[in-house]
Amino acid sequence: LFMNRLLICLLLLLPAFSFAQDWKTFDQADILFTAKYPANWVNKIKEGKRVFFTSPAENDADDFYQNININVSSNPEFGTTLKVKDVIQDVADKVKGMFDDFNEESRNSIKWNGQDAFEITYTGSNNTSGDVIPVRITQRICFYKTRLYLVTYTALKSGDVFAATAKQIINTIKFKP
């Protein structure tokens, strides 16, 4: 009985311990969101103000780094004449065409920053570099004001040790007015 209670307490506290690590805040004046991320993840801003957070290596043999890619684009129709529920199938269809063995695992309507959004998880593989790499991709899609916020988390299909951390990072993303 004591061991069962101890196990339950440890499981309940586990999410708190993962935030006990050192986290940084991403907040750049010309980028339209803020986010928190672990200090051992690498942050880069690429062409088009796309923001990437890349995981550390899991071990010395790890040559695949999980990453979160955040892209914000503007269009006067986003969130006005176009609603996220109206474009979500087009997004899924475009992703489907990029992968072999495509499988949509889930599609959920959620609230994100108080706005209607969708979170879709896919699996598949592609063979563009000569290596077939099975991946799991989770995308979160939302219109806020006249902006499209598209977050993409890419990981290996199995054995993703950073899934919980990635979810925490994504959940800290706050849209700027």
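Given the structure is predicted, the values throughout are model-derived calculations rather than measurements.
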Drop me the distance from [X]'s [atom1] to [Y]'s [atom2], to the nearest 0.5 angstrom.
X	Y	atom1	atom2	result
Tyr65	Phe162	OH	CZ	10.0 Å
Ile169	Phe53	CD1	CZ	7.0 Å
Glu77	Thr146	CD	OG1	11.0 Å
Asn67	Tyr153	CG	OH	8.5 Å
Lys24	Asn40	NZ	CG	9.5 Å
Thr172	Tyr37	OG1	OH	10.5 Å

Quick check: does any side chain N or O of [X] sit under 3.5 Å from a backbone N or O of [Y], one acting as donor and the other as acceptor?
X	Y	result
Asn108	Ile110	no
Asn171	Lys167	yes
Asn69	Leu150	no
Asn113	Gln115	no

Does Ile68 form a side chain to side chain contact (heavy atoms under 4.5 Å, CB included) with Ile170? I'd like the steps, not just the answer. CA-CA 8 Å; Ile68 298 170; Ile170 293 168; 4.1 Å; yes
Sub-4.5 Å side-chain heavy-atom contact between [X] and [Y]:
X	Y	value
Ile141	Ile88	yes
Thr54	Lys44	no
Tyr144	Leu32	no

Measure across [X] and [Y] and return the closest heavy-atom pair with its distance rounded to 0.1 Å.
X	Y	value
Pro38	Thr165	CG-CG2, 3.5 Å
Asn71	Gly48	OD1-O, 4.3 Å
Gly159	Glu58	O-OE1, 4.1 Å
Phe175	Cys142	CE1-SG, 3.8 Å
Gln168	Trp23	OE1-CZ2, 3.7 Å
Ala35	Ile173	CB-CG1, 3.9 Å

Restricting to salt bridge (charged side-chain N to carboxylate O under 4.0 Å, His left out), what partner residues turn up for Lys49, sequence neighbours left out?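 Expected list: Asp30.
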Which residues pass the salt bridge (charged side-chain N to carboxylate O under 4.0 Å, His left out) test with Lys94, not counting sequence neighbours?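 Lys94 satisfies salt bridge (charged side-chain N to carboxylate O under 4.0 Å, His left out) with no residue once adjacent residues are dropped.
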Hey, any chance [X] and [Y] share a hydrophobic cluster, counting ILVMFWY side chains that come within less than 4.5 Å of each other, even indirectly?
X	Y	answer
Ile137	Met98	yes
Phe52	Val135	no
Val42	Val51	no

Pick out which of Thr80, Val84, Asp116 makes a side chain to side chain contact (heavy atoms under 4.5 Å, CB included) with Phe143.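 Option passing the side chain to side chain contact (heavy atoms under 4.5 Å, CB included) with Phe143: Val84.
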Check the pair Thr123, Asp101 against side chain to side chain contact (heavy atoms under 4.5 Å, CB included), reporting the backbone distance first and the verdict last. CA-CA 8 Å; Thr123 59; Asp101 306 323; over 6 Å; no
Can you find a side-chain donor-acceptor pair between Ser55 and Gln66 that sits under 3.5 Å?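 Gln66 and Ser55 do have a side-chain donor-acceptor pair below 3.5 Å.
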When the aromatic ring centroids of Phe99 and Tyr122 are compared, is their separation below 6.0 Å?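 No, ring centres 6.0 Å or more apart.
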Mind jotting down which residue pairs meet the salt bridge (Lys or Arg N to Asp or Glu O under 4.0 Å) criterion with at least one end in residues 139-148? Sequence neighbours excluded, please.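 Listed once each, the pairs are Glu119-Arg140.
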Hey, can you tell me if Trp112 and Tyr149 have their rings parallel, tilted or perpendicular (30° and 60° cut-offs)?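 Perpendicular, since the angle between the ring planes exceeds 60°.
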Within 6.0 angstrom of Lys176 NZ, more than 12 heavy atoms from elsewhere: yes
